[in-house]
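Single-structure report; data block below.
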Amino acid sequence: MKYLSVLATTTVLVAGLAGPGAGLAAADPPSDPGQTRYSLVNGCYRIDTPAGPLVPASGPYRMHATALGQYLLYGRKGEVLDGSAGSIHPAQSPSPNAVWTVDGSGAGGFTLTNSATKTSTPATFVQDTGCADFPEAQVGATGTPGPSVGADGSIVGTIDAHVHVSAYEFMGGDFHCGRPWHPYGVTYALPDCAQYRTGTNGLVANFLDYGEPSHPSDTKGWPSFHDWPKPSMVTTEGTYWTGIERAWKAGLRVMTVDLVDNESLCAMMTDRRNPCNDMTSVRTEAADMHALQDYVDAQAGGPGQGFFRIVTDPAEARAVAASGKLAVVLGMELSDPMGCGVFLGQPKCTTADVDHWLVELRSLGVSSFFPVHKFDNAFGGTKMDHDLTGLLVNAGNFIQTGTFWNVQPCPGAEHDSTQPSVPIAGNINQFLSKVTGPLLGGALLPLYPAGNQCNARGLTDLGKYLINKMIDDKFLIEIDHMSEATADGVMSIIEQRHYPGVLSSHGWDSGRTTQRVYAAGGFVTPYAGAPSEFVQAWRDARVMQRPTADFGFGFGSDMNGLAGQGAPVGPGVVHYPFTSHDGAVTFDRESWGQRTFDITTDGTATYGTYADWLEAVRVLGGPEIMTDVFHGAEVYLRLWDQVRR
């Protein structure tokens with residue numbers, strides 16, 4: 001411990017800023033013996049050291065937790081204490097030099113250490129008044145959920161089976177604007193998006209958000225948020241952690257976070273900080289979710305105290321949900337899972353690679369995943385994206401596989417997404433040429449015959465091996481995004497082996513496949529979308545054949561997954577304030593800085609407005625749908641438990 005260097009610095013600062021008599025007096029109160037290094041979070045304190053109060057001209061200090069046991073010391077004028085350059089001084093912006101680690105306890109004494117310089121001093125935290133409030137998004141809810149167990153012992157709660165909380169890392173890490181948390185707080189987590197809108201990153205973002213590659217917009221984030229977030233903008237952050245907290249307070253008890261990336265779309269980005277490698281992204285994003293769990297714990301007062309709990313088996317998930325917290329399941333949605341792409345018809349992996357990766361995925365905590373996503377791969381064919389987005393993704397398919405999609409007339413009534421059959425002109429063609437042209441080597445995007453279309457690529461021999469291994473190893477199999485031919489092959493294996501562990505989590509399957517999933521004992525959650533559409537999806541699902549009468553329903557938000565969200569519901573549906581299903585929480589409107597969200601006019605703009613969305617579902621669907629939706633988490637957990645036995 002380098003006590004002397006910090007103490008000398010502190011003495012100089014105290015003498016210069018506090019005036020005579022500012023030293024630590026014997027009569028000053030000691031630390032509260034009940035204080036822990038974690039319980040200081042968000043408190044207002046004068047920080048006393050053997051040399052005197054720590055920079056009293058800026059204090060007292062609000063303790064903002066950057067991680068478990070680590071803090072920014074936030075002064076009265078919004079400055080932070082910085083320990084660089086041989087002195088402790090106010091700084092306008094946080095940096096690693098402004099992060100301080102607290103060790104010890106109130107009973108035994110605290111030590112305050114600068115995380116960058118590693119210099120330390122004993123410290124006493126004395127409660128005070130007059131601190132500035134650290135900026136934060138407002139949940140807009142009062143009350144705390146209690147245990148979520150019904151009279152029969154079942155979990156009473158909702159499930160979002162498909163969301164991308166970790167998507168801020170994908171496509172190179174400089175494409176998605178914002179992130180669900182930042183150690184330095186909301187002003188860094190939800191910033192001005194201009195920094196993400198350069199080069200091809202900006203062209204692709206504008207294309208996905210506005211349908212054109214060049215679009216004037218107000219990119220500013222905190223605190224104004226004039227142009228984002230909104231349901232139609234798919235490249236900006238929607239799952240900020242306080243929004244997840246709001247949805248949890250409304251009854252969310254299980255959430256599947258799908259770790260996601262796309263190597264070819266990543267390669268189109270001119271700006272990126274992460275490598276374009278799907279499995280590297282999975283490792284990174286899994287670690288990120290544990291860091292988010294720690295951050296939420298830090299805000300709640302210590303390890304295990306937060307509502308966000310990552311789980312790896314159904315028993316653990318049930319215990320978390322029963323306690324009233326949110327069980328977070330890790331899934332995986334990649335176009336090149338386990339390095340098993342295909343190039344010019346040849347797989348890039350072997351059965352030995354599959355075996356190796358299944359072991360590693362389990363070690364990372366991944367419990368479910370998609371064998372196929374946006375591109376054809378060594379396991380099978382993709383369902384294809386539709387319309388103009390299909391052009392961009394088909395270009396990515398060529399980059400990834402060496403071929404465009406092989407589209408054929410469909411043999412039956414079901415079909416994959418329809419591809420363009422006439423040339424695309426104007427700005428869109430110029431955009432595609434600029435973004436994809438250098439990577440296509442002169443190849444032209446194909447045109448396909450009009451009418452219903454199907455990807456000719458079906459389940460491969462390696463795909464059959466994977467599905468059987470997933471069953472043997474008790475993974476949950478995600479059926480969405482598969483071509484009709486591939487899904488048919490996968491469902492045939494599932495039916496032959498009587499395996500219920502199959503999911504359709506966000507509506508990327510056909511009606512026929514949905515019926516087969518239900519008949520196999522699997523679990524289906526449609527894409528959330530508009531509340532009225534969700535209510536209709538519930539009505540359709542209730543009449544489908546299932547092995548048992550046990551029925552629960554959920555949704556797949558797909559937020560942060562380049563997927564639009566529910567539009568404004570219009571007047572007369574949701575009235576504020578409203579109460580949660582269990583009556584424990586009262587909801588007003590969520591707010592980010594100067595922006596306040598109302599589902600009447602803003603739609604499902606943030607993850608927090610899924611609380612409002614659920615209220616709209618209640619109003620439109622009545623008590624029967626709420627019974628089924630709040631039984632969704634239980635039915636999912638029963639399925640998972642059945643698979644893991």
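All heavy atoms count here, side chains included; hydrogens, waters and symmetry mates do not.
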#### Entry: Distance-only donor-acceptor check, side chains Gln515 and Thr513, under 3.5 Å
no

### Task
Name all residues meeting the side chain to side chain donor-acceptor pair (under 3.5 Å) criterion together with Tyr240; count only those two or more places apart in sequence or in a different chain, and write none if there are none.
Glu136

### Query
His226 and Asp218: side-chain donor and acceptor closer than 3.5 Å?
yes

#### Entry: Residues Thr142, Val585; criterion side-chain contact (heavy atoms from CB on, under 4.5 Å); working and verdict
CA-CA 6 Å; Thr142 57; Val585 182; 5.8 Å; no

### Query
Should Val163 and Asp558 count as side-chain neighbours, where that means a heavy-atom distance under 4.5 Å?
no

### Query
Cation-pi between Arg362 and Phe475: NZ/CZ under 6.0 Å from ring centre and within 45° of the ring axis?
yes

### Task
May I have the step-by-step check of side-chain contact (heavy atoms from CB on, under 4.5 Å) for Met63 and Asn42, ending in yes or no?
CA-CA 5 Å; Met63 304 288 288; Asn42 296 325; over 6 Å; no

Show me the donor-acceptor pairs, under 3.5 Å and distance only, between side chains in residues 180-188 and residues at least two apart or in other chains.
unit_1: His182; atom_1: ND1; unit_2: Tyr184; atom_2: N; d: 2.9
unit_1: Tyr184; atom_1: OH; unit_2: Ser95; atom_2: O; d: 3.4

### Message
side-chain contact (heavy atoms from CB on, under 4.5 Å), that's the test. Do Val635 and Asp550 meet it? Break it down for me.
### Response
CA-CA 7 Å; Val635 171; Asp550 193 23; 3.8 Å; yes

## Note on the structure
Nearest heavy-atom contact between Val502 and Tyr499 is CG1-O, 4.5 Å

### Message
Main chain of Ala584, side chain of Ser580: is a donor-acceptor contact present, judged purely on distance under 3.5 Å?
### Response
yes

### Message
side-chain contact (heavy atoms from CB on, under 4.5 Å) for Leu562 and Leu208? Distances and angles first, verdict last.
### Response
CA-CA 8 Å; Leu562 303 183; Leu208 294 173; 4.0 Å; yes

### Query
Should the pair Lys220 and Trp592 be classed as cation-pi, given the thresholds of under 6.0 Å to the six-membered ring centre and 45° from the axis?
no

### Query
Does some side-chain heavy atom of Leu620 sit less than 4.5 Å from a side-chain heavy atom of Phe534?
no

Anything under 3.5 Å between a donor and an acceptor, one on a side chain of residues 606-613, the other on a protein residue two or more places apart or in another chain? List them.
unit_1: Thr606; atom_1: OG1; unit_2: Glu590; atom_2: OE1; d: 2.5
unit_1: Thr606; atom_1: OG1; unit_2: Gly608; atom_2: N; d: 3.2
unit_1: Thr606; atom_1: OG1; unit_2: Thr609; atom_2: N; d: 3.3
unit_1: Tyr607; atom_1: OH; unit_2: Asp160; atom_2: OD2; d: 2.7
unit_1: Thr609; atom_1: OG1; unit_2: Ala605; atom_2: N; d: 3.3
unit_1: Thr609; atom_1: OG1; unit_2: Thr606; atom_2: N; d: 3.2
unit_1: Thr609; atom_1: OG1; unit_2: Thr606; atom_2: O; d: 2.5
unit_1: Tyr610; atom_1: OH; unit_2: Gln565; atom_2: OE1; d: 2.5
unit_1: Asp612; atom_1: OD1; unit_2: Arg246; atom_2: NE; d: 3.4
unit_1: Asp612; atom_1: OD1; unit_2: Arg246; atom_2: NH2; d: 3.0
unit_1: Asp612; atom_1: OD2; unit_2: Arg246; atom_2: NH2; d: 3.1
unit_1: Asp612; atom_1: OD2; unit_2: Tyr576; atom_2: OH; d: 2.6
unit_1: Trp613; atom_1: NE1; unit_2: Gly529; atom_2: O; d: 2.9

### Message
So which atom in Ala520 and which in Pro547 form the shortest heavy-atom distance, rounded to 0.1 Å?
### Response
C-CG, 4.3 Å

### Query
Is there any salt bridge (Lys or Arg N to Asp or Glu O under 4.0 Å) pair reaching into residues 310-324, and which pairs are they, with sequence neighbours excluded?
Arg318-Glu634

### Task
Report the relative orientation of the aromatic rings in His581 and Phe630; use parallel for angles under 30°, tilted for 30 to 60°, perpendicular for over 60°.
parallel

### Query
Does Asp297 reach the main-chain N or O of Gly304 with its side chain, forming a donor-acceptor pair under 3.5 Å?
yes

### Task
Taking atom types as modelled, find out whether Ser504 and Asp480 have a side-chain donor-acceptor pair closer than 3.5 angstrom.
yes

### Message
Applying salt bridge (Lys or Arg N to Asp or Glu O under 4.0 Å) as the test, list every pair that has at least one member in residues 223-235; sequence neighbours left out.
### Response
Asp227-Lys230

Counting only pairs under 3.5 Å, give me each side-chain donor-acceptor contact of residues 254-263, with atom names and distances, residues two or more places apart or in other chains.
unit_1: Asp258; atom_1: OD1; unit_2: Met332; atom_2: N; d: 3.4
unit_1: Asp258; atom_1: OD2; unit_2: His162; atom_2: ND1; d: 3.1
unit_1: Asp261; atom_1: OD1; unit_2: Met171; atom_2: N; d: 2.8
unit_1: Asp261; atom_1: OD2; unit_2: Ser281; atom_2: OG; d: 2.4
unit_1: Asn262; atom_1: OD1; unit_2: Ser264; atom_2: N; d: 3.4
unit_1: Asn262; atom_1: OD1; unit_2: Leu265; atom_2: N; d: 3.1
unit_1: Asn262; atom_1: ND2; unit_2: Ser335; atom_2: OG; d: 3.3
unit_1: Glu263; atom_1: OE1; unit_2: Gln400; atom_2: NE2; d: 3.4
unit_1: Glu263; atom_1: OE2; unit_2: Asp278; atom_2: N; d: 2.9

### Message
When you compare the side chains of Asp416 and Ser483, does any donor N or O come within less than 3.5 Å of an acceptor on the partner?
### Response
no

#### Entry: Test item: Arg595 side-chain N/O and Phe225 main-chain N/O as donor-acceptor pair under 3.5 Å
yes

### Query
Aromatic ring centroids of His481 and His506 under 6.0 Å?
yes

### Message
Restricting to non-hydrogen atoms, name the atom on Glu478 and the atom on Ala161 that form the minimum distance, rounded to 0.1 Å.
### Response
OE2-O, 4.4 Å

### Backbone N/O of Met269 and side chain of Asn201: donor-acceptor pair under 3.5 Å
no

### Task
State, yes or no, whether a side-chain contact exists between Ile310 and His290 at a heavy-atom distance under 4.5 Å.
yes

### Residue pairs involving residues 170-192 (criterion salt bridge (Lys or Arg N to Asp or Glu O under 4.0 Å); sequence neighbours excluded)
Asp174-Arg273

### Partners meeting ring pair (Phe, Tyr, Trp, His ring centres under 6.0 Å) with Phe308 (sequence neighbours left out)
none

### Query
Would you find a donor on one side and an acceptor on the other, under 3.5 Å apart, between the side chain of Ser154 and the backbone of Gly150?
no

### Task
Of all the heavy-atom pairs spanning Pro229 and Thr236, show the shortest one and how long it is.
CA-OG1, 4.4 Å

### Test item: side-chain donor near acceptor, Arg589 and Thr596, under 3.5 Å
no

### Query
Are the side chain of Lys249 and the backbone N or O of Gly143 linked by a donor-acceptor pair below 3.5 Å?
yes

### Message
Within the 4.5 Å heavy-atom criterion, are Ser367 and Val329 side-chain neighbours or not?
### Response
yes

### Task
Measure from the side-chain N and O atoms of Gln299 to the backbone N and O of Tyr295, and report whether any donor-acceptor pair falls under 3.5 Å.
yes

### Query
What is the ring orientation for Phe370 with His373, classed by angle as parallel under 30°, tilted 30 to 60°, or perpendicular over 60°?
tilted

### Task
Check for a donor-acceptor pair, side chain of Glu615 on one end and backbone N or O of Val617 on the other, with a separation under 3.5 Å.
no

### Task
Please report the closest heavy-atom contact between Glu169 and Asn274, naming both atoms and the distance.
OE1-ND2, 2.9 Å

### Query
Val41 and Ala65: which non-hydrogen atoms are nearest, and at how many Å?
CG2-CB, 3.8 Å

#### Entry: Sidechain-backbone polar pair: Asp288 side chain, Ser166 backbone, donor-acceptor under 3.5 Å
no

### side-chain contact (heavy atoms from CB on, under 4.5 Å) involving Tyr518 - partner list, sequence neighbours excluded
Thr514, Val524, Ala541, Met544, Arg546, Phe551, Phe553

#### Entry: By ring pair (Phe, Tyr, Trp, His ring centres under 6.0 Å) - contacts of Phe134 (at least two apart)
His64, Tyr74

### Message
Tell me every residue that passes ring pair (Phe, Tyr, Trp, His ring centres under 6.0 Å) with Phe175, counting only those two or more places apart in sequence or in another chain.
### Response
none

### Task
Using atom types as modelled and distance alone, determine if a side-chain donor or acceptor of Asp602 lies under 3.5 Å from a backbone N or O of Asp598.
yes

### Message
I'd like to check the side-chain contact (heavy atoms from CB on, under 4.5 Å) partners of Asp540; sequence neighbours left out, ordered by chain and number.
### Response
Gln536

